[in-house]
Each structure stands twice: as structure tokens, then as C-alpha cells.
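Working notes, structure below.
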Amino acid sequence: MKSKRRSINNLISRPFQKQPKIGKAPGSVIYLGKRRGEKFRVSLMHYNEAEITEEPLEKVEAFVLSPTSRGVNWFNIKGLSNTEEVETLGKSFGLSALTLEDIVNTDQRPKMDHLDDHLFVVVKMIYPGDVNQFHIEHVAIVLLRDTVLLFQEVEEDVFEGVRERIRSSYGRIRNRKADYLLFALLDAIVDQYFIVMELMGNKIEQLEEKVYEKPNADLIHEIQALKKEVLELRKHIRPVKELVNQLIHIENSLIAEDTRPFLRDILDHCNEIQDNIDLYREMSVSLMEIYMSNMSNKMNEVMKVLTIMASIFIPLTFIAGIYGMNFQYMPELHERYAYPMVLGVMALMVIVMLIYFKRKDWL
Amino acid sequence: MKSKRRSINNLISRPFQKQPKIGKAPGSVIYLGKRRGEKFRVSLMHYNEAEITEEPLEKVEAFVLSPTSRGVNWFNIKGLSNTEEVETLGKSFGLSALTLEDIVNTDQRPKMDHLDDHLFVVVKMIYPGDVNQFHIEHVAIVLLRDTVLLFQEVEEDVFEGVRERIRSSYGRIRNRKADYLLFALLDAIVDQYFIVMELMGNKIEQLEEKVYEKPNADLIHEIQALKKEVLELRKHIRPVKELVNQLIHIENSLIAEDTRPFLRDILDHCNEIQDNIDLYREMSVSLMEIYMSNMSNKMNEVMKVLTIMASIFIPLTFIAGIYGMNFQYMPELHERYAYPMVLGVMALMVIVMLIYFKRKDWL
Amino acid sequence: MKSKRRSINNLISRPFQKQPKIGKAPGSVIYLGKRRGEKFRVSLMHYNEAEITEEPLEKVEAFVLSPTSRGVNWFNIKGLSNTEEVETLGKSFGLSALTLEDIVNTDQRPKMDHLDDHLFVVVKMIYPGDVNQFHIEHVAIVLLRDTVLLFQEVEEDVFEGVRERIRSSYGRIRNRKADYLLFALLDAIVDQYFIVMELMGNKIEQLEEKVYEKPNADLIHEIQALKKEVLELRKHIRPVKELVNQLIHIENSLIAEDTRPFLRDILDHCNEIQDNIDLYREMSVSLMEIYMSNMSNKMNEVMKVLTIMASIFIPLTFIAGIYGMNFQYMPELHERYAYPMVLGVMALMVIVMLIYFKRKDWL
Amino acid sequence: MKSKRRSINNLISRPFQKQPKIGKAPGSVIYLGKRRGEKFRVSLMHYNEAEITEEPLEKVEAFVLSPTSRGVNWFNIKGLSNTEEVETLGKSFGLSALTLEDIVNTDQRPKMDHLDDHLFVVVKMIYPGDVNQFHIEHVAIVLLRDTVLLFQEVEEDVFEGVRERIRSSYGRIRNRKADYLLFALLDAIVDQYFIVMELMGNKIEQLEEKVYEKPNADLIHEIQALKKEVLELRKHIRPVKELVNQLIHIENSLIAEDTRPFLRDILDHCNEIQDNIDLYREMSVSLMEIYMSNMSNKMNEVMKVLTIMASIFIPLTFIAGIYGMNFQYMPELHERYAYPMVLGVMALMVIVMLIYFKRKDWL
Amino acid sequence: MKSKRRSINNLISRPFQKQPKIGKAPGSVIYLGKRRGEKFRVSLMHYNEAEITEEPLEKVEAFVLSPTSRGVNWFNIKGLSNTEEVETLGKSFGLSALTLEDIVNTDQRPKMDHLDDHLFVVVKMIYPGDVNQFHIEHVAIVLLRDTVLLFQEVEEDVFEGVRERIRSSYGRIRNRKADYLLFALLDAIVDQYFIVMELMGNKIEQLEEKVYEKPNADLIHEIQALKKEVLELRKHIRPVKELVNQLIHIENSLIAEDTRPFLRDILDHCNEIQDNIDLYREMSVSLMEIYMSNMSNKMNEVMKVLTIMASIFIPLTFIAGIYGMNFQYMPELHERYAYPMVLGVMALMVIVMLIYFKRKDWL
């Protein structure tokens, strides 16, 4: 039973994890996640229309100081628990302390910050795992001129499709600037939200089936767990719409005018996802309603059985009791056909009762 | 029982169908609908005040390159699963990749896009089918200068009235530009929404009748199915109001000033439909309330029958039990009129009970 | 039972009635109401500070062409089913096809249209009828320079007070322009809303009394009917607030600056009515709550009676059963005072039980 | 029981009282309240830093025509049912007919009107009366240059503190203009709202205590009465926040710049009161929830008693019944220790049952 | 039981405490809190990049008059019940009477006031105490040029971390102005909100566990107490978001441009906390739902036991009753194997019943 429940704590940012930060100055770069073992790795994908290079990086600084070629630089940084390395790398790109703090703060709500020479985006990468679960991973993206920094906690990600599109020579992405890469990354993340929505939809459908077919007390756990999952998804996805909207309307040359229609496309998707989440919430309310009304129906059924049994047999027992009395003067007792007559009367009473209950639709 | 339920999946955009698109570049023209067999057909209606020509088209390009006559060109394109043809046609009119993607994306939420030289509108055509069902079809409309492109998945549509008005020489539409045709098409779609509203209203009324007259456990399925249908309609119709509002306030010479009052008329209709949908939602909540209170009433009735039967006969049986005891010294047993007296007492008890229950309004 | 229910269809604009319009061009003047028999009548009241003339009109055009005297012209047009006459009259005043369509469209939601040389207002006249019902009538008002056109479906109306104030030489109205007449008409309509509110308030109060005093299953019908009536009123009254607000803030010389405080007064009234409607909705929710909790209380009471009867007599019957057993060796049976002792024990048990139930507050 | 209920009609503005006004011209000065017997009295308090005079007034006009001294004039007018006197006085100060109408309209919702040379405020004075009730009195305040007109229905008011502060030579109020007096009056009214809030809080607390300790069917009346009281308070208090906000932001030299911080202070208080009212509404919902769940608990308890009694004694009665049968060949009947053995078995069954129910936590 | 309940009065500002203020002029400096015994203490922390001095102050005025050194002055004033001292100190810094009133008004809702030469902020310091409780303390902060006045009721506070950061020579705070100190203080307060959120989260989780594992009637107290705590937190925390937002957008040179990103960081935290509070409210609703459905399940279980026992044994008792009748002519009674046959029939009936109940899933 326990395994079916989803701890409420998944839903709540865990502030005690923040306790190392309480009392620290803001801008302290402190990792709050649970992926402490992950190695720090940086890989660079550099591309323009003509060429593309991919390499794991040893020294970031070296590269940054010699921007030898024209094109887009995509730094993919993994293993955020290594805060010192993240801080060094971030500072070499001129990121502020507050930005660095949010990059490693895995509890950070999705948001967009607009700074002088860079845009900073935090979103959650949500994708299906095994057995009806989904993973939620913290992702931070920094957009600089010609450069995108992508920070992840873990190795696994949802960006393989973007990498493939860059590697293949056709496709729009190679002819575009870094802002288009930012869009492509966000688009890949939001596309996964659809997959997760589908997963949820199937879950709700299965649960609905169960609630209709064989309702039992365990289902309330599942319905409530579902409700929490929907709330959890909403918590992570809802702010994304807002941040995409900000990206579209920002006055900043980092986002080219002809990238905005693509961002508007993501906004469309966000609207659709929000419609779905709202729908899921209404569905979980409906499930509760159906469950409660089914419980009430079952109660009705139990009571009907009791009432029918009692109403038929209690009067009969009373009649039998009458003739079980030991009065000296009970003339019926000595009649020849009294016994079968009483049995006949009893049978008649049963028939009348059954007709009555039939009429009431209780049978 | 199953057939009465409406799958929740009708309510949710089906993202796994999108999986062919996951990882693809945005702007990929991929058909997501279920009408793969439909043939690709284009027909052109060209009209001005003086003349009108209707013809199925073999080569769209030919026509586009030689706009020999003044007036409005209405291209009606059917069979969106033929994405290549759609793409070719769209590009010959200068449509962007994102627009083309949305034209064939049958999951696209209703919306309006405002581009440099054209307006792009996606709406859902909803019209009644057989047996209390309604069809929902994806429609995309592009408004260019003097030209309207109307994209549909299927042959059937709700625009026959518009065609008739164009063919008949009277009526305002022949003297007007393409923006008025766009209005006429939207108006025809929104008019059908009213028909669907009426259908829903009748359904709710019938269901209300049933819930009052003979409530049973199956009704909860029907009520919940109704609720889902209302949610589904709301999902498709609600964004229409917003997009019409955008059309009214857009600053674009494609929409003439004297067409805006007509659009405002559609907005009025959208407001009315939204009022109705809100009402339907409240009605479905009411139905649930009535159902639950009826269930509770039935339970009360069952309990009353049980309580009356038990309260009358259990004490009587006890009295009979008393005189069924085998004590040696029970003087009453030997009284001459003890038996009829006991029977009399019992009858009296029954009468007192009945009066009591009558007073309590339980009979 | 049926007569107590209010059909949901009163709540919903009936689109099938619109079917004559489906496929017709917008601006088609088609009557949708149910008062087809009403004769077409036009009467004119012309007044200024000095004089007043009232006359039924034969030919509207004649008058319009010769505006011989200074003052306000109030045309009162009745019998909207005569669409041709309405159309002729409307066109002679320069009304657009869309305005004419809305004048005879009795399903039109309350609204205000602001056109070049006239203002167009649709509202619903709601006033009490017989036996706790109220009438809802469609009214359209057009404000032109020095002229007000008032369109009604039926003879009966709520404007007699306005006419009296015009006829009597004192009162502000004779010194004012047509915009003040528009205000006076709206004010008369909104005043009636208060009467209807009072009617509803009394209904709710009576229903509340019933739900408290003698709740029964029929009340749920009445509560739900009340809820629908509240929804119906809200549907017609809510948009009025918005349209009055538009009238106040419109930039149009047709509405003089010194008429606006009077319109603000109507807005005040609308706010108050909306407060009341919101209150009524909360009251109908409360009624449902009280009803359900009363049902639950009655159930409790039924169960208590059953439990008390069963708990007292089942154990007693068991004891009687013990001594009804036919064992050969039951020493008690032969005791001289066994029978009265057993009866004594039984009486004691009853007393203990009664005290127990008394303590539990079940008696 | 009846006395505990609060009539819904307290909640609703009573329009039939308005019937004298229906058909009358707007601006008709008609008293709608219930305090017809009150005498018309006017008193004037005139003060500046240096001096203060207080006097009952016979002729207002005289005074108004000779404003001999510098300072603030506070006219306190009581007894609004004397509409003629109110009208005469009002006109001598140049008040418009609409303002005069609202002054005596005791159903008027709290509001602020901004006219050329005066501000007009309607609020409700709410203060505790005896036995857990509170009074609601209509108050109208007009702010003119150097003059405040305060209209009340009754003698009693909440402004004694303000008068005291004026009389005592210290305190800010004597050095200030009329706008500060307006503020002081509003402040005194809003201060009373806090007292009323406290009263309500205590009521809710007592009711909560009762619902927890000894829930019974009467409590539903009290909870619903409480809910209505909260709704009534909200109705009168909520618009005050809005009107104070308008006073703060009004562009009018009648309100000096350095008075606005004080008005902002009132706004703060209004926010706090609104927080409380919202809280009270949630509390009344909670009370209903607790009540319903307590009812359900009591039902459970009743059912448990019934089930325990029936489950223990019905099987025992059956066993007794077995050995009460009159078969000729029942060997047990003749056993020497059959009777005590059967009794032993019965005792064992009771023990097993009790353990079972104990395990189920039903005892 | 009582101890588990949280008095509603914690939730409501206690206006009777305000009664000393009723009738007093606004700006009267009256302490409303419960910490009357606290001594009045002022300590000053003066710092700049180079140096830092900390000292308890005897005479504030002395210091204020001789601002000998460059840097930030942080006055920490404790013991607000000493209103005279607070007033003297406040006036020496030029604070207005209204500000002083709010400083000692411990019921003041969180807010921000923007005055000519200072900003005034009221917030609540909420931090965990013993045994699942939390403290709520009133804090007022005044930001002047180069000076921050921090007013607290009690000795204990949440600012030790800020003091430490100032004392340690590294960290940003020493190089910054007074506005950064204001930010640091707010940040320290909001950080504690996270701790409290965590505490609440754990409570909800434990309660959820209990509601699932062993629901009983006491839990409703705990759920309702939790709901009140959530409402109480919301009341104190919600306005903070608004005031931080005002601080960010204020046009005042007291807040430097480069401090605003830090304030935006707090705003982020406030958003997150608000998300959590909303979540907690939904959780408490869910808890109620689970509780009610568990109650309903338990009822079902009780009824099933009753129905099974009654349905099995009542018919059997009837059969036993039949053969307990004393008719003279009952041939079965004299059959040799009648008794075991009847017992066999009874056993068969029990088996059939058990199978039936098994099929119905009642066992």
C-alpha cells in the first residue's frame, strides 16, 4: 500500500536542504541536489554553416580566451555538485554570483533573468522513466553572444535530437545564431512535457477504468497519488509559460527578431500543456466523485440485502414464535391442517414481500 | 456500460502521435491526424461583383503566377495527410515552415498568427453527427491579399451556405474583399457551435429527467461522460473568442475597417457560447448533486423499511419467546384467555408503532 | 413534481431556432422570438420644455423627413415579428443591417454597440408575472441625435412611469435631450430588476423555511429550480453592468457630460444587483448543504431507532430462547421463582440499556 | 429554533421598499429606512486651532450665508426620515438631487462620488449591540471646502471619540482642515469594524467549540446563520476598501496631500479587515465540514453498536432456537451436561466476538 | 483533545486589544503586543569596508547628532512595549507619527510605506520553536540614508547570520550601502519561511500517514488545526511578496540599482513559498477528502459485518423456530433423521450464503 503512495515531499521544495545556506550571504554557490557523485564534465560543440567540431574540454579558460572561429559555441556542463568547478567556469564567462547560485540550486523554480550581457533560464527537464514514473531534472541555460552554456545535474538528457540536427548538415539550426540553439533546447524540453502528459493521460484512463469496474478502498490512495503528481507537474511546468512569454517580449539584441516566431510556437505548446494539466485536475476531482458515489452505491446494495433478508425472515420467525408458545389453551395447535396452513401463510408472505421489493427495484 | 463512457483520451491531445516529431526540427511538416486515406484535392472559387468561376485545380502554381482577373480567390484544399502537396502549395504562396507545420498539425489549438503579409487562423469545425455525437475537424485558414486558403482534413464541411451565398448574385459577399470571406467562413463555423450547444442542452435535459425519475448507478457514467464532453467543447471553443478578439484589434490592412463590425458580431456569438458552456458546467455539477442526494434518499428509504420491520417484529418475537419458555411455574400459561390476550397486546403494540412511524412521516 | 421543475432550456439560447439563419448572410433580419402574432405598432411621443404630443404613427417616413419642431422624439415600436416593417423603419433612420439583425434577434445577449451616428443598446426587461414567475422580454434601444427608438416584442412594458413623468409638466426629463430619455428607460428597466430580486429573495426565504422545517425529497427539485432561476437572471443581468459602464466612458457627443452622473447611478444599482445575485448563488449552495445535512440527520435518527429497538430486544429474545430450550437437565426451569426472576433480569437489562442510550444522547 | 436563525432578508436590499420610488424620476429624495420617528436635528461644531464652538442649529441657512470665522464647520444632521428638511439643507449647500437621493437612501451601497466642488461618501456604521448582535447604520458624509456634512439616521453614533479629540485642545485635528475631519470620521467607523470582527471571531470560536464538543442538528442553523452574518458584513465592508482607495488617488484639492498618508492608513485597516472576512468565510466552511464529519462519526458509532449487539446475540439466539426444536430424536437433549456445555459454547462465542470487535477497534 | 486544537484566535487580529486605541487620534503610539516585560535596548553596529564597531547605546541622540564616520549604521531596537523610548528615538530620526504607530502596532499587516526620506517596512519574523510550533514576531525596519533601524519585540531573532557576515571581513555586505543591509535582513527573514514550510510539510506528511493508516475521529481536529496554521502562515507571508515587489519597482535613490537583482531574488523565494502554501491548502483539502472517504469505507465495513451476520443467522433462526412450534400434527418431528437433516440443510444454507458473499467481495 505504501509503495503506491507518492510522498508529499516530492511536491515541496525541501528547505532543510537549504540549511547549509541559511545565514550564508546571497550569491553563495551551494549545491542542494542529491546527485553528489556525478563527475564534472564539460563538452563543447562548435558549429557554423560550414563546419562542426565536438570535443570534451579540459580547460575551459583556454578556449574562452581564444575565440578563433566564427559560429555558435555550445558548452554542455554536467555534474553540478562540483560547485567549485562550476564557479570557476561561470566566472570565466562573467556570470554574476546570483546567477551561479541559481545554476547549482536544484530547488530553483523555473524562471528567466535578464542581465546586461546574458539571459539566464532555469527550467525542469521532465521525461518518462520506468514503470509509470517520470524523472525531473534541473537544467540551467545561459545565453551569451554566440555562446550557450547548458548546465545539467546528470549525464542523461533530452537533447540528443538537437545534437543530431546540428551534426546532420541539413536543417535550419546550422545557419542560425545562439538564440536559435536556446530555442531548440527549450523546444526539446517542452516536447518531452507532451510525452509526460500522455503518460499521465494513460494513468488517469486506467484509474478511471478501475474506479468504474472494481472500486475498492485502495483506489483512494492511487487517486490522491495521481492528484499529487498532477500538482507536481503543474508546479514545474506552469512557470515555463511565463518565462517563454518574457523571452518573446524581451528587448534585447541577444534574441533576434526572426527567432521570436519560434518562441511563440513554444508558447503555443505551453498553452496546450496548461490546458491538459487543468483538465487532469478536473479529472482527478471527477475520479474522487465517481469513487465516492460508487462507495455510496455499494453501501446501498449492502443495506438492501440486509433489509430484504430481515424484512422477510423476521416476521416469519415471529409467526413461528407464536406457535412455539406454551399456552394451555391454543386451539390452533390441535387442528389437523394447522401446520401446513401456517407454512402456506408464510410462503404467501414471502411472495408478497418479494413482489414488493421487486416493485421497488431492490432485486 | 462501456459504450456509454466517453474515453478521456478524446479530451487530451495525444502526444505519442507526436513522437514522429520529437527530435525533428521545428517547422517539419508532419501530419498528425487519423485521416490518412483522404485524397488531396484543391478547388478554386474566384469571384467578384460581376462574375464567378469554380473549378477543381490540377496545378496551383500556374494560377498563382498569372492572376489575370480582379476579385477574390478562394482555394479550398482537402486531404491534409498529403503533406508534400500541402508543402508545395503553401510555399508557392510564401507560407513559412512554422505555418505549414501548424496547417497539418491536427492537434493544434485554435489560434491566430499575424505575419508580415498574411494572417493565419486555426479553428475547429464542430458539427453534429449521428446519434448524439458531434464531429470535430481541424481547419486552417490563411488570409492573403485577395486570396483565402482554406485547409480541411475531410471532404465534408460546414461552408456550403457560404458557397451558395457567393453563387447567388445577391448578398453582400460578392462586393467584398477576401477579409469578408474569412469572416464568412468563421461565422459559418461559429454558427455550427450553436447547433452543438443545442444538442448538448437536449442531452443535459434528458439526463436531468432520468436523474430525477429513475436514478441508478449507471447514470454516474453518463453524467461524467457529459462533463467530459463539455470540457472537450470548452477546450476547442474557448480559444476562438480570444483569436476573434485579436482579429478585431489587429493593425493590419488585410482586415478592412468595415469588416470589423462583422467580426465583433462573431465575438458576441462567442460570448454567448461561452455563457452556455459555463452554464453546462454548472448543470453537470448540479446533476451530480441531484444524483448524490437521490442516492442518499434511496438509502434513507431502505433504512426506513428495515427499521419499521425490525421495530415492529423484534419486540413481538420477544413476547412470543417469553411464553415459549419452559419454566414449570408460569401461571399465565394456564389462563383460559391468556393466548387471545397476548395476541391482543401484540396487535396493540403494532398499532402504537404504526402511529409512531406515521407521526415521524416514515410511512 | 414535473411542474415544479424549471426546464433547463429556459437557461440556454435555443440555437435550433436559429437554424433559419444558418447559412444566411450576416445582417439577415430574421425574427427568432415566440411572439409571432403581435401586431406592428409605432407610436411617437414628441416633447420639449414647452409642449408634448403623443400620437400613433401611420407613416414613419413622413415624419422623419419633416422634423418640424425642436425637442425629443421617442418612437416606441412594438411587434418585432414583423421584420419587414422593422427593416423599413430602421433603414429610414439609417440603421445598419447588423443593428437591424440584433433588434429582432430575441436571443441577443445584452450589449452596447457604438456606431458613427447612433448608439445601440440591447437589454432584457425582466418583471414579475403571476405566481412567483417573472417575464423576460427583449428590448432594443437606438439613440440618435434628438431621437430614441425603442423596440419591444410585446405591448406590456415597464416604461409607464417614464411616460407619466414626461406628460406631467414638472420633472427634469422635459428639459433634457434624448440621452436623458435613454437613461430614464434603462433606469426603469433596472428598477424592475430590484423587484425581481425581492421576489427571488422571498422565494429563497420560503424555501429555507421549508428545508429547515420539513425537508423531503421534493425540495431538491425546488432548490435546483431556484438555482437555475438565479443562473438565468445572472445571464441576463450581468452584461448590463458592462454595457452601462461602456455608456459612461464612451467618447461620443450623443451622451452629454451632465447625463453621465445619472448613468453612474444606474451602475451603482447594477453593482448592488450583482451583489444580490452573488448572494443568491451562495444561498442556493447553502440550501443544498442544509438539505443534505438534514437528510443525514434523518438517517441518523432512523438508525438510532433501529439500533435502540434491536439492542434492547435481541438480547431479551436470546434469554427467552435459552429457557425455551428443551434440555432434559435444566435445573432453573423447575425453580419456583425462576420465571419472575428472569423477567426481573430482563427489566433490569432494559433499564441499563435505556440509561446507556440516554447517556449517549440517543433518546 | 427560529430565534437562532437569521433571516436572509437582512442580507438583501429590500426593493419593495423601493416601490414608492419605482416610476419616480431619479433624484427624488425618498427615505427608505425604518427610523421614521426620529426627529430632525442639526448641530454645528466649528473649530480652528484657537477656538471651538458647539451649538444646536435652528436655521442652517443663516449660518451658511455668513461664514464669519476661519476654521472647519462640522454639521451633524440626524433624522433622515425628514426628507424635506434634508433637501432644504442640502440645496443650501449646493448638493445635487442625485446626492440628496443617496443621502436618504438607506439601502445605498458604500460608495464615493466625486463632484465638482464636493466629495460625497456613503458608508455603513457597524457597531456591536447587545447579545451578540451588531447594528448597521447608514451614514453619508459630504466634504465641502472647510465644511463637513455628516448625515445619520439615528442619535447614537461612533464619533464621540472624534468630538472629544476636537474639544481637547491638543491633538492634530484642530490644526487641520476639513479633509482631516473626513478622515477622522472614516477612521472612527473603520475602527468599529475591528470591534465587530472581534465579536464575530468570538462567535466562531464558541461555535467551533460546540461543533467539536456536542454536535447536534441545531448547530447547522447556527453555522448557517453565522455564514449569513459574514456575508452581510462583507457586503457592507468590502466596498469601503474601494472607496478609500479612490479617495487616496483622487485628483482634487479638497483632499490635501498630507492627508493621504492617513487615508492610506485606513486602507491598511481595510485590507486587514478583508483578510479577516475571508478567513471567517473559510472558517464557516470548515465548521460545516467538521459538523458533517461529526455527523458521519456519530452514524458510524450508532451502526457499530447495532452491529455488535446483533452479531453477538443473533447467533446465540439461533443456537438457543436449535435446542428449542421439538424433534423426537435429538440425542443432545438428554445428555446430562448438555445445557451447561451449550452455555459454555455460547460464552466462548461471545468472547471470540468481543476479541474480533476489539481488534477492529470497534469497542 | 483540546490541546490539539489551535485556537482560531491566533488567526485573527485581536481588535479588543485595540480598544485602548479606539477614539484616540491616529498616530497615537500605543503598544498592542503581549511582551510588556521586555527591556528597551538599543545596540548600534557601524561598519564600512575598513572597520566595524558594535556597541550598546545609552543615548541615541548623541550619536545621531555627530555622524563622525562614513559607512552604514545599523540600530537594533528591542522591547517595543517601551513606547515612550521608541517615540523619542523615532522622532530623533524624523519618523512621522503614523510610522511610529505602526512600529509598535504588533497587529500591523506586512506592508511597505514610501515616505520622502525613508522607506518603512513591516514584516513578520516566523521561525520554528519547540514541538512542531513556530513563533511569529513583529519586525519593523526603517531605511534611511546610511542608516537602518530594526525594531523587534523580543531579544531572540533570525539575524545572527547577517551579523556574522558583517563581522567577518569577507562577504559582499561590508562594501555595500544601507539598502543592501535592508535586503540582507529581509533575506534572512524569508529564509526562515522556508524552514517553517519544511516543518509544515513534515506535519502534513505525518498527518497523511495517520489518515491512511488509522483514521479516527480525532484526526479531524488535527486536519482542521493544520488548515488554520496554513491560513495563518498565508496571512503573514502573502503580503510580503507584494511589498518586495514594491521595493523593486520603487523610484527612490535609497534603493540602489544594483541592489534590485538581490531583491528580485527574494521575490523568487516569495513565489516559491506561495506555491508551497497553495499546495499545502490543496493538501489539507485532500486530507479531508481521504478522511471522509475512509470514514465511509469503515461504515461500509461495519454494515457488511452486520449484513453477513444477520443474513446468515436470521433465516436459520427461522427454521429452528419452525420446528419449535407446538402443533400437534407435524409429521417431521417424529422422523428418525429429521434433526440431522435439518442441521444439514442449515449448513448448506450457510455455505450458499458464504459463497454468495464471497462472490460479492464482501468477505
Side-chain angles (χ1 to χ4, degrees), chain D residues 160-162 164-165 171-173 183-184 187-188 191-192 194-198 201-202 204-205 208 212 261-262 264-265 268 271-272 275-276 279-280 282-283 286 289-290 292-294 296-297 299-300 303-304 306-307 310-311 314-315 317-318 321-322 324-330 360-362, chain E residues 1 5 7-9 11-16 18-19 21-27 96-98 107-109 111 113 115 214 217 220-221 224 227 231 235 288 291-292 295-296 298-299 302-303 305-306 309-310 313-314 316-317 320-321 323-326 330 332-339 342:
Chain D
E160 211 42 52
V162 179
E164 280 309 317
R165 280 186 358 243
R172 193 186 288 106
I173 197 163
F183 151 73
D187 192 49
D191 269 0
Q192 290 293 324
F194 277 103
I195 304 280
V196 170
M197 286 292 107
E198 169 89 0
N202 288 340
I204 291 175
E205 205 173 351
E208 198 188 15
Y212 275 126
F262 292 96
R264 256 194 294 275
D265 207 53
D268 265 12
N271 279 328
E272 220 161 299
D275 280 8
N276 279 351
L279 219 56
Y280 289 162
E282 306 224 29
M283 285 298 115
S286 287
E289 275 180 15
I290 300 169
M292 290 309 280
S293 89
N294 272 344
S296 163
N297 278 334
M299 182 80 123
N300 263 358
M303 294 310 299
K304 274 180 197 166
L306 174 60
T307 301
S311 299
I314 287 179
T317 304
F318 163 64
I322 291 281
M325 291 194 293
N326 298 320
F327 288 111
Q328 204 170 339
Y329 304 96
M330 290 179 68
K360 286 219 165 220
D361 245 340
W362 291 5
Chain E
M1 203 187 285
R5 262 183 283 134
S7 168
I8 190 178
N9 278 342
L11 268 172
I12 302 166
S13 342
R14 313 256 64 199
F16 274 141
K18 269 198 178 147
Q19 270 191 324
K21 293 190 68 175
I22 303 292
K24 292 281 166 64
S96 75
L98 280 178
D107 281 351
Q108 177 60 48
R109 203 173 172 260
K111 70 158 182 177
D113 268 355
L115 292 112
K214 38 180 174 175
I220 187 127
H221 295 197
Q224 294 294 336
K227 205 165 146 190
L231 287 175
K235 178 180 164 172
M288 248 349 255
Y291 174 80
M292 289 309 280
M295 277 295 123
S296 164
K298 285 179 88 173
M299 183 80 122
V302 170
M303 294 310 300
V305 168
L306 173 59
M309 292 307 276
F313 286 105
I314 287 181
L316 296 185
T317 304
Y323 295 107
M325 291 194 293
N326 297 320
M330 289 179 70
E332 302 98 309
L333 293 181
H334 309 291
E335 296 291 328
R336 188 69 185 93
Y337 296 104
Y339 177 53
V342 162

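To find a chain, count down the sequence lines: A is the first, B the second, and so on, and within it residues start at 1.
- Looking at every heavy atom in both residues, E:Val305 comes nearest to D:Ser311 through CG1-OG, 3.9 Å.
- Counting heavy-atom pairs under 4.5 Å between each of D:Glu282, D:Glu160, D:Lys304, D:Arg264 and chain E puts D:Glu282 at the top.
- Put simply, the side chain of D:Met283 reaches to within 4.5 Å of the side chain of E:Leu231, judged on heavy atoms.
- When each of D:Phe327, D:Phe318, D:Phe183, D:Phe262 is scored by its heavy-atom pairs under 4.5 Å with chain E, the top score falls to D:Phe327.
- For D:Asn326, the parts lying under 4.5 angstrom from a heavy atom of chain E are both the backbone and the side chain.
- There is no contact between E:Tyr337 and chain D, counting heavy-atom distances below 4.5 Å.
- Proximity to chain E is limited to the side chain of D:Asp265, based on heavy atoms less than 4.5 angstrom apart.
- Listed by chain and number, the residues in a side-chain hydrogen bond (donor to acceptor under 3.5 Å, both in side chains) with E:Tyr339 are D:Glu332 (sequence neighbours excluded).
- Qualifying side-chain hydrogen bond (donor to acceptor under 3.5 Å, both in side chains) partners for E:Gln108, counting only residues two or more places apart in sequence or in other chains: D:Asp268.
- Atoms CD and NZ, on D:Glu272 and E:Lys235 in that order, are 6.5 Å from each other to the nearest 0.5 Å.
- Counting heavy-atom pairs under 4.5 Å between each of E:Arg336, E:Met303, E:Met288, E:Met309 and chain D puts E:Arg336 at the top.
- At a 4.5 Å heavy-atom cutoff, the contact between E:Met325 and chain D is made by backbone atoms alone.
- Using a 4.5 Å cut-off between heavy atoms, E:Met295 contacts chain D through both its backbone and its side chain.
- Proximity of D:Asn300 to E:Met299: side-chain heavy atoms (C-beta onward) are separated by under 4.5 Å at one or more points.
- Top candidate by heavy-atom pairs under 4.5 Å with chain E, chosen from D:Ser293, D:Gly324, D:Ala310, is D:Ser293.
- Taking chain D as the reference chain and counting heavy-atom pairs below 4.5 Å, the highest number among E:Val342, E:Leu333, E:Leu306 is found for E:Leu333.
- Summarising the geometry, atom CD belonging to D:Glu289 is positioned 4.0 Å from atom NZ belonging to E:Lys227; distances are rounded to the nearest 0.5 Å.
- In plain terms, the two heavy atoms of E:Arg109 and D:Asn271 that are nearest each other are NH1-CB, 3.6 Å.
- Contacts between E:Ile220 and chain D at a heavy-atom distance below 4.5 Å involve backbone atoms as well as side-chain atoms.
- Between D:Tyr329 and E:His334, the shortest heavy-atom contact is CE1-O, 3.4 Å.
- Between E:Thr317 and D:Ile314, the closest heavy-atom pair is OG1-O, 4.2 Å.
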